Asks: 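This is the structure I have questions about; it appears just below.
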Amino acid sequence: MPDLTQNKVYDIFPLSILKGKIIINDQEKIELKNHILDTEINFNENKKKDYAWLGDNNGQEFLFHNLLFNKLTTLIGEKIKAYTSLLNINNEKLDFYFQRSWATITHTEEKIQLHDHAQSNISFAYYLSKPKNSGDIRFVVDSQNE
């Protein structure tokens, strides 16, 4: 049974948002951040001026296949099951799988274009690094499955 004590659900009908923490140690974070920063340098063909670098736009949309991200992927999977448990969904009756996962890098004054994840039943954001007082996340609900 997933640990539900460190999570908070925000219901913004028809959207339910889970906010919680995933803890990985500082050394692991450094390794993951360095890998992502190297990837940005090596796969940067589709970056638009004033917009964040998006791994999914640069052929890097399968981080969950990278062994370096195994622990984080497992922890994200556990958090997703905690989310569905809080919604009173029986996880034993579901099959969970990652369709895609990618990193984004947003430098000062850059933004991520408004978009949706219409192909997904559940979307997840994890901030490996988010300096204090930086950016925010916004939700626009048009799709039925967002």
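Excluded from the calculations below are hydrogen atoms, water molecules and symmetry mates; all remaining heavy atoms, backbone and side chain alike, are included. Because the structure is a prediction, the values reported are computed rather than measured.
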Asks: Kindly indicate, with the supporting measurements, whether the criterion side chain to side chain contact (heavy atoms under 4.5 Å, CB included) is fulfilled by I24 and L128.
Replies: CA-CA 9 Å; I24 58 175; L128 189 58; 3.9 Å; yes
Asks: Would you call T84 and F96 a side-chain contact if the rule is heavy atoms closer than 4.5 Å?
Replies: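 Heavy-atom side-chain distance check passes, below 4.5 Å.
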Asks: Taking side chain to side chain contact (heavy atoms under 4.5 Å, CB included) as the test, write out the residues that go with I23, two or more places apart.
Replies: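 I23 satisfies side chain to side chain contact (heavy atoms under 4.5 Å, CB included) with K21 once adjacent residues are dropped.
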Asks: Are L37 and W102 connected in the hydrophobic side-chain network, where two residues link if heavy atoms are under 4.5 Å apart?
Replies: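 No, L37 and W102 fall in different hydrophobic clusters.
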Asks: Do F69 and I76 have side chains that get closer than 4.5 Å, going by heavy atoms?
Replies: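 F69 does not reach I76 side chain to side chain.
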Asks: In the hydrophobic clustering (ILVMFWY, side-chain contacts below 4.5 Å, transitive), which residues join L54, or is it alone?
Replies: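 For the cluster that includes L54, the remaining residues are I112.
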Asks: Taking salt bridge (Lys or Arg N to Asp or Glu O under 4.0 Å) as the definition, give me every residue that meets it alongside K130, ordered by chain and number, with sequence neighbours left out.
Replies: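 So K130 forms no salt bridge (Lys or Arg N to Asp or Glu O under 4.0 Å) with any residue.
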Asks: Of all heavy-atom pairs between S120 and S123, which one has the smallest distance, and what is that distance?
Replies: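 Reported closest heavy-atom pair: CB-OG, 4.0 Å.
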Asks: At what distance, to the nearest 0.5 angstrom, does CZ of R100 lie from CD of Q119?
Replies: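 Output value for this atom pair is 5.0 Å.
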Asks: With no hydrogens and no angle check, is any side-chain donor or acceptor of W53 less than 3.5 Å from a backbone partner on F43?
Replies: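 Confirmed, W53 side chain pairs with F43 backbone.
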Asks: Any pair with a residue in residues 57-67 that passes side-chain hydrogen bond (donor to acceptor under 3.5 Å, both in side chains), sequence neighbours left out, goes on the list, sorted by first then second residue, please.
Replies: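 Pairs touching residues 57-67 that pass the test: H35-N66.
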Asks: Under the 4.5 Å side-chain heavy-atom rule for ILVMFWY, direct or indirect, which residues accompany I30?
Replies: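 I30 shares its hydrophobic cluster with no other residue.
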Asks: Roughly how far apart are E109 CD and D50 CG, rounded to 0.5 Å?
Replies: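 Answer for the CD-CG pair, E109 versus D50, is 8.5 Å.
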Asks: What's the shortest heavy-atom distance between N44 and E40, and which atoms?
Replies: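 Answer, listing the atom of N44 first, then E40: CB-O, 3.2 Å.
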Asks: K79 and N7: side chain to side chain contact (heavy atoms under 4.5 Å, CB included), yes or no, with the steps?
Replies: CA-CA 9 Å; K79 193 62 72 172; N7 302 304; 2.8 Å; yes
Asks: Under the criterion side chain to side chain contact (heavy atoms under 4.5 Å, CB included), I'd like the reasoning laid out for L72 against L63: C-alpha separation, chi angles, the key distance, then a yes or no.
Replies: CA-CA 10 Å; L72 181 58; L63 276 181; over 6 Å; no
Asks: Are Y83 and S16 packed together at the side-chain level, in the sense that at least one heavy-atom pair is separated by less than 4.5 angstrom?
Replies: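 Answer yes - side chains close enough.
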Asks: Would you say I36 and L75 are hydrophobically clustered, going by side-chain heavy atoms of ILVMFWY under 4.5 Å?
Replies: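 Yes, because I36 and L75 connect within a single hydrophobic cluster, where side-chain heavy atoms sit under 4.5 Å apart.
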Asks: Tell me, please, which residues at least two apart from K71 pass side-chain hydrogen bond (donor to acceptor under 3.5 Å, both in side chains).
Replies: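 Testing K71 for side-chain hydrogen bond (donor to acceptor under 3.5 Å, both in side chains), a comparison that skips the adjacent residues, returns E28.
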Asks: On the 0 to 90° scale, with breaks at 30° and 60°, tag the F62-F64 ring pair as parallel, tilted or perpendicular.
Replies: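 Perpendicular: the ring planes of F62 and F64 meet at over 60°.
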Asks: Might you point out which heavy atoms bring S129 and K33 nearest each other, and give the distance in Å?
Replies: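 Closest heavy-atom pair between S129 and K33: CB-CD, 3.7 Å.
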Asks: Does the pair H117 and Q99 meet the rule for a side chain to side chain donor-acceptor pair (under 3.5 Å), with working shown?
Replies: CA-CA 11 Å; H117 299 164; Q99 185 175 359; over 6 Å; no
Asks: Is it true that L32 and L67 fall in one hydrophobic cluster, defined by side-chain heavy atoms closer than 4.5 Å?
Replies: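 In one cluster: no.
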